[in-house]
Visitor: 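Got a structure for you, questions after.
Since this is a predicted model, take the numbers as computed values, not measurements. Throughout, a chain's letter reflects where its sequence line sits, starting with A, and its residues are numbered from 1.
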Amino acid sequence: MHNIKDIRANFDKFTKKIKSRNVDINLGEVLELDSKNRTLIQEKESFEKEKKDISKKKDKSLFEKSKKISEKIVSISKKQVDVKNKLENILSSIPNIPLEDVPVGLDESQNKEIKKFGVVRSFDFKVKSHYELGDNLKMLDFELATKTSGARFVFVKDKLAMLERAISNFMLDIHIKENGYTEISPPIIANDLSMFGTGQLPKFENDQFELKIDESSGRKFLIPTAEVILTNMVRDQILNIKDLPLRFVALTPCFRKEAGSYGKDTKGMIRQHQFYKVELVSVVENSKCLDELERMTNSATSILDKLNLPYRKIILSTGDMGFSAEKTYDIEVWLPSENKYREISSCSSCGSFQARRMKARYKNNNNENEFVGTLNGSGLAVGRTLISIMENYQNSDGSITIPEPLRPYMNNLEKISNN
RNA sequence: GGAGAGAUGGCUGAGCGGUUGAAAGCACCGGUCUUGAAAACCGGCAAAGGGGCAACUCUUUCCUGGGUUCGAAUCCCAGUCUCUCCGCCA
């Protein structure tokens with residue numbers, strides 16, 4: 001959420017930047033509603049002052065007048081609240097403004113590669129996809145999941161299930177021990193305020209699994225990412241500057257409707273309604289976002305380095321970035337079967353965009369309240385890491401060699417094979 | 001599910017119809033003292049929004065939403081959440 005004062009003061013810049021994000025927002029209407037709102041506020045406040053003065057005087061002869069004023073206040077308030085709600089509605093649907101070094105572009109085709117890492121292995125046999133491998137091993141079962149649950153779900157079985165768990169634990173351990181994150185085991189259901197805070201609501205309601213609960217209390221959603229819960233831990237708080245930075249890591253299932261991606265990645269477990277992800281969230285002083293983004297991205301890639309998986313780092317263009325991001329790096333891992341890099345992590349700085357929605361602040365050194373900076377990144381998507389290990393570590397007989405760092409998590413098993 | 005208790009500033013916690021935006025303590029900031037720090041002492045310190053170049057000023061806010069009243073943190077109604085006890089279940 002943007003500060004209306006900023007929009008007022010830098011109208012042209014905002015218009016231009018919003019356009020680069022490829023969304024249709026009428027900023028002129030925002031300005032109009034804003035000025036209308038302020039006029040009504042002034043009108044209302046002058047009546048309120050009058051009423052307050054009367055009640056201070058305790059002069060009985062003025063009491064009737066005071067009642068009349070009350071009526072006026074009510075009617076003006078109604079108008080004002082109406083205008084304000086309209087304004088807030090538009091305001092809450094405006095995406096974050098990209099930073100200067102973000103490449104301008106309509107979509108992912110304008111993303112820029114920064115660097116490739118690792119060595120892509122050359123195979124002397126025909127590589128199989130992860131779902132072929134998983135099927136042969138009888139350890140990935142998509143049909144069974146269709147029966148019990150529906151499309152875009154999967155059963156991971158036996159040694160592959162163990163590998164998935166090993167990957168999760170390995171990642172958590174690295175982030176805790178080496179990267180300075182605090183482990184959190186959070187709720188995976190979020191209320192509407194939390195969903196608003198990180199930007200899933202109101203605009204992306206259709207991507208979310210909403211729970212149908214028989215109670216009059218607020219709306220509840222399955223989290224699409226632990227970012228929602230971890231970031232909202234500081235909602236409505238005024239933190240002490242000494243407490244910053246906060247760094248959290250959590251392993252959670254994530255739930256996404258994947259509405260609008262019909263026909264995309266229908267085979268295999270690249271795109272599922274449910275998947276595990278190790279998520280990193282940082283809450284920092286506003287001015288430290290960019291340093292933290294580099295640090296976070298390095299935390300994510302350190303996992304791939306240790307697992308010896310080839311990847312590349314790219315910076316997303318203005319049209320491909322998420323709603324709340326001001327700058328995003330994607331980490332893409334090499335998938336031999338597709339002969340290309342696929343996203344395995346996305347690290348974003350949101351600046352104070354989410355903080356403003358959440359009212360998450362800290363007292364700076366001048367004792368003033370300032371909005372915190374928030375960042376989130378995958379460290380990494382567990383399912384996709386499993387896939388990339390299967391494909392990159394496959395052998396000609398269809399077995400999968402277990403990367404060394406994971407073996408301690410698997411009773412020192414070296415290879416997953418049919419027998 | 002049944003029965004109680006509660007929700008006040010960054011935190012703890014008073015107030016229970018009229019200068020109460022709110023005592024006190026902690027935390028925090030500034031100062032005195034000190035070689036430095038601590039302690040002690042003095043002073044400051046809620047948030048959001050509006051107006052003003054500014055000094056400053058106005059409005060709102062004591063869980064939320066209604067109501068009573070000239071006037072509500074304080075009274076009434078509804079709701080939400082938290083805690084304790086009992087039951088039930090992991």
Visitor: Picking from B:G51, B:C58, B:U60, which would you name as closest to the side chain of A:Glu45?
Guide: B:C58

Visitor: I want to verify a distance call: between B:U59, B:G49, B:C28, whose nearest atom is closest to the A:Lys49 side chain?
Guide: B:U59

Visitor: Can you tell me how far the CD1 atom of A:Ile270 sits from the CG atom of A:Leu335, to the nearest 0.5 Å?
Guide: 5.0 Å

Visitor: Please determine, for B:G43, whether a Watson-Crick or G-U wobble partner exists with both distances under 3.5 Å, and give it or none.
Guide: B:C29

Visitor: Parallel, tilted or perpendicular for A:Phe323 and A:Phe204, by the 30°/60° rule?
Guide: perpendicular

Visitor: Which of the following nucleotides, B:G10, B:G50, B:U60, is nearest to the side chain of A:Ile238?
Guide: B:G10

Visitor: Less than 4.0 angstrom between a side-chain N/O of A:Arg38 and OP1 or OP2 of B:G49, yes or no?
Guide: no

Visitor: Among B:C28, B:A47, B:C58, which nucleotide has an atom closest to any side-chain atom of A:Asn369?
Guide: B:A47

Visitor: Taking the side chain of A:Asn240 as its heavy atoms from C-beta onward, which of B:U60, B:A47, B:A27 lies nearest to it?
Guide: B:A27

Visitor: Across the strands shown, which category fits A:Lys44 at heavy-atom distances under 4.0 angstrom: base, sugar-phosphate, nothing?
Guide: nothing

Visitor: Would you call A:Lys78-A:Asp82 a salt bridge at under 4.0 Å N-O?
Guide: no

Visitor: Listed in order of residue number, which residues of residues 356-364 of chain A have a non-hydrogen atom at under 4.0 Å from RNA chain B?
Guide: A:Arg361, A:Lys363

Visitor: In this structure, how many angstroms lie between the P atom of B:U80 and the CG atom of A:Asn191, rounded?
Guide: 15 Å

Visitor: Please confirm whether A:Arg357 makes a cation-pi placement over A:Phe196, using NZ or CZ under 6.0 Å from the six-membered ring centre and within 45° of the ring normal.
Guide: yes

Visitor: Which base sits across from B:U35 as a Watson-Crick or G-U pair, both distances under 3.5 Å?
Guide: none

Visitor: Hey, is the side chain of A:Lys5 poking within less than 4.0 Å of OP1 or OP2 on B:G50, counting only N and O atoms?
Guide: yes

Visitor: Between atom NZ in A:Lys52 and atom C1' in B:U59, what is the gap in whole Å?
Guide: 7 Å

Visitor: Which of these nucleotides, B:G49, B:U59, B:G10, is closest to any side-chain atom of A:Glu48?
Guide: B:U59

Visitor: Check the distance between B:A48's C1' and A:Ile4's CD1 and give it to me in whole angstrom.
Guide: 16 Å

Visitor: Just the table, please: protein N/O against nucleotides 66-74 of chain B N/O, every pair under 3.5 Å.
Guide:
unit_1 : atom_1 : unit_2  : atom_2 : d
B:C70  : O2'    : A:Ser66 : OG     : 3.0

